[in-house]
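Data first, discussion second: the structure below is written as C-alpha cells.
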Protein chains: 2
Amino acid sequence: MSTERRSYRREPEERRREALIAAAIELMAEGGPQAATVRAIAERAGTTPGLIRHYFQSKDDLTRAAYAAMMNRMTAESEQATREARDPVEALAAFVATSLRPPVMDGERVRLWAGFLHHVRRDPAMRDVHEATYLGYRDRLQAMIASLPGNEAAEVARPLAIACNAVIDGLWLEGGTLPASFAEGEVERIGLSAVSAILGIALPALPPMPARED
Amino acid sequence: MSTERRSYRREPEERRREALIAAAIELMAEGGPQAATVRAIAERAGTTPGLIRHYFQSKDDLTRAAYAAMMNRMTAESEQATREARDPVEALAAFVATSLRPPVMDGERVRLWAGFLHHVRRDPAMRDVHEATYLGYRDRLQAMIASLPGNEAAEVARPLAIACNAVIDGLWLEGGTLPASFAEGEVERIGLSAVSAILGIALPALPPMPARED
DNA sequence: ACCCTCATTGCACAATCGTATAATTGGCTG
DNA sequence: CAGCCAATTATACGATTGTGCAATGAGGGT
C-alpha cells in the first residue's frame, strides 16, 4: 500500500562527493546558478536531496567545492597543454591555442565561470581561489615570456604577461559567447598573431587541429 | 483599527519604468540575479511589488528591459569618449583609455554583465541585443583601425579589431574583478601599449587622468 | 468643487527553495 | 548468518519566490 522506498547502492565518500560536485557544475553551466538547486543536483547525481547535506554542511559548501573543482580542472588542462612543448616559444603557442579552441573555449564554460562571480565576491575562500588561479595563469605566462631574449626583467615581462593574458581571456569570452560571429579557427589565429605582435616574436602556427573541409 | 494604506504619488509612466529598471540594475550589480527579487526591486524603487506587474508583463520582461538599458548605457558612454577626439588615432586612444578606468572598468559592472549571461542565452531578444552591442563595439573599432594607413582592407582591419577588442575586454574583466592586483593606471597603460603593438602604431598617452599622490 | 479613472497598494496563493530530522536499508564484522 | 552502524531515503517545515486580483485614493477634466 505505502509507496516503496527506492533501492540504492552505498558508495565511497569521495565518489559521492565527486558525483555531487559534477552534477552541480553541469547544472550551473547549463542553466546558471538558479538551475543548480539541491533537488536538481541530487537528481542529476542519481541520489536524493538529503544526501547533499550528509556530505556538505550546506549548499554554499557544495558551491565552494564545485568552484574549486572547476578552477582546478581549468588549471590542469592549460598546464597539460604546455607540457609536451620543448622550447618556450612552442609552449607559449600551445598555451594560447588550446585556450582558444574547444573544450576550453566554450559557451557553457564561460557562463559557468560567470555564474560564480557573485559567489566569489562574497565568499573569502572562493575569492582566494579566484585570485590564486588568475595569478597562477599569469605567472606561468610571465615565466614563459621572461625566458625570451630581452624580456628577462620582471618590469618588462609583467606587463607583457598581463597583456597576453588579456588577449586570451577576451577572445575566450567572445568566442565562447558568440561562436557564430567567428569563422572556424579564426579566434585561435587572431590570438596567436596578437600575442606575436605584443611580444615582438614569431609564433609557430597552431600545432594540431581537427580537420574540416570547406 | 486596520493598518492605514501608505500614501503615494502618481508618476508618469516613463519615469516609473526607468526607476524600476534602475533599481533592478542596482540590485543585480550588488548581489547578482538572486538579489533582484520583485520585492527588493520595488522597495529600492520606492514602490510596491504589485506595481512592477502593472508596467511589465512579467519579471522576465523587466529583466529584458534592464539588460537593454545597461547595454545602451555602455554603448553611449564609449561613444561619447571618442566624440571629442579630432583624428582617428586620438579617438582610438580615448576609446581604449575610457574603457579601462572607472566608471566603465568596475567590479560591479563586470558582475552585472556576467549575471545577465544566462538570461541572454535563453531569451532571443536579449541575445540579439548582446550580439548587436558586441558587433557595434567591434565595428566602430574596425572603422577607426581602417582609417589608418595600410589597414583599409576589411580582411586586414577585421582581425585587428577583434584582437584590440579582446585586449580591452580581457583587461576590463581582470581589472574589474581583481583591482588589487594592479597598480594605479597600470591596466590603462598596458591596454594602450598592447593596442599600439597590435596595430604597429604609436598611441598618444592617456588624455586626462584624475591625480593621485604616491 | 466634484467625480471619475486608473495608477498604486495590499493581500492571498501556489510553487519552490534550503534545511532539519526521523525512518530505513545496504553491506561489512564477528 | 545474525547484528549493528552508517549511508541513504523520505517527509515535513518555514521562508521566499513570482504572480493574480480586489480595494483604494490621487489628481486631472469638466
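Order of the sequence lines fixes the chain letters, A, B, ..., with proteins taken first and strands second; residue numbering starts at 1 for each chain. The basis for the numbers below is simple: all heavy atoms, side chains too, and nothing from hydrogens, waters or symmetry mates. Computed from a prediction, not measured in an experiment: that's the story for all the values here.
- At a threshold of 4.0 angstrom between heavy atoms, the contacts of Glu11(A) are confined to the sugar-phosphate backbone, with no base atom among them.
- The interatomic distance linking Lys59(B) (NZ) with dT16(D) (P) rounds to 15 Å, in whole Å.
- Side-chain atoms of Arg5(A) stay outside donor-acceptor range of the base of dT25(C), with no qualifying N/O pair under 3.5 Å.
- Note on Arg16(B): only backbone sugar-phosphate atoms sit closer than 4.0 angstrom, heavy atoms only; bases stay farther off.
- As judged by a 4.0 angstrom heavy-atom cut-off over every strand, Arg39(A) is placed among the base-contacting residues.
- As a whole-Å value, the separation of Leu51(A) CG from dT24(C) P is 18 Å.
- The backbone N or O of Glu184(A) lies less than 3.5 Å from a partner atom in the side chain of Arg189(A), making a donor-acceptor pair.
- By the 30° and 60° cut-offs, the orientation of the rings of Trp113(A) relative to Trp172(A) is perpendicular.
- Within 4.0 Å (heavy atoms only), Thr48(A) reaches at least one base atom of the nucleic acid.
- The nearest whole Å value for the distance from the CD atom in Glu4(A) to the C1' atom in dT8(D) is 16 Å.
- Atom NE2 of His119(B) is separated from atom C1' of dG18(D) by 13 Å (rounded to the nearest Å).
- Applying the 4.0 Å criterion to OP1 and OP2 of dG20(D), one finds that Arg53(B) has a side-chain N or O inside that range.
- No engagement by Ser7(B) is indicated, since no non-hydrogen atom pair under 4.0 Å with the nucleic acid exists.
- Counting any heavy atom pair closer than 4.0 Å across all strands shown, Arg10(A) reaches a base atom.
- In this structure a side-chain-to-backbone donor-acceptor pair under 3.5 Å is missing from Arg101(B) to Glu188(B).
- Closest to the side chain of Thr37(A), from the set dT9(D), dG18(C), dG27(C), is dG18(C).
- Arg15(A) places its CZ atom 15 Å from the P atom of dA7(D), with the value rounded to the nearest Å.
- Checked for salt-bridge contact, Arg83(A) and Glu79(A) meet the test: a charged N lies under 4.0 Å from a carboxylate O.
- Considering all non-hydrogen atoms of both residues, Tyr137(A) and Met74(A) come closest at OH-O, 3.2 Å.
- Checking Gly50(A) against Val38(B), the closest nucleotide of DNA chain D that is more toward the 5' end is the one next to Gly50(A).
- Per the geometry, CD1 belonging to Ile52(B) stands 14 Å off P belonging to dG10(C), to the nearest Å.
- Note on Phe56(A): nothing from the nucleic acid sits closer than 4.0 angstrom, heavy atoms only.
- Listed pair His54(A) / dA7(D) meets the phosphate criterion, a side-chain N or O lying under 4.0 Å from OP1 or OP2.
- When distances are taken from the side chain of Tyr8(A) to each of dT9(D), dA12(D), dT24(D), the shortest belongs to dT9(D).
- A straight line from CZ of Arg6(A) to P of dA10(D) spans 6 Å, rounded to a whole angstrom.
- In this structure, CD of Glu13(A) is placed 7 Å from P of dA7(D), rounded to the nearest angstrom.
- In terms of modelled atom types and a separation under 3.5 Å, the side chain of Asn165(B) and the main chain of Ala161(B) share no donor-acceptor contact.
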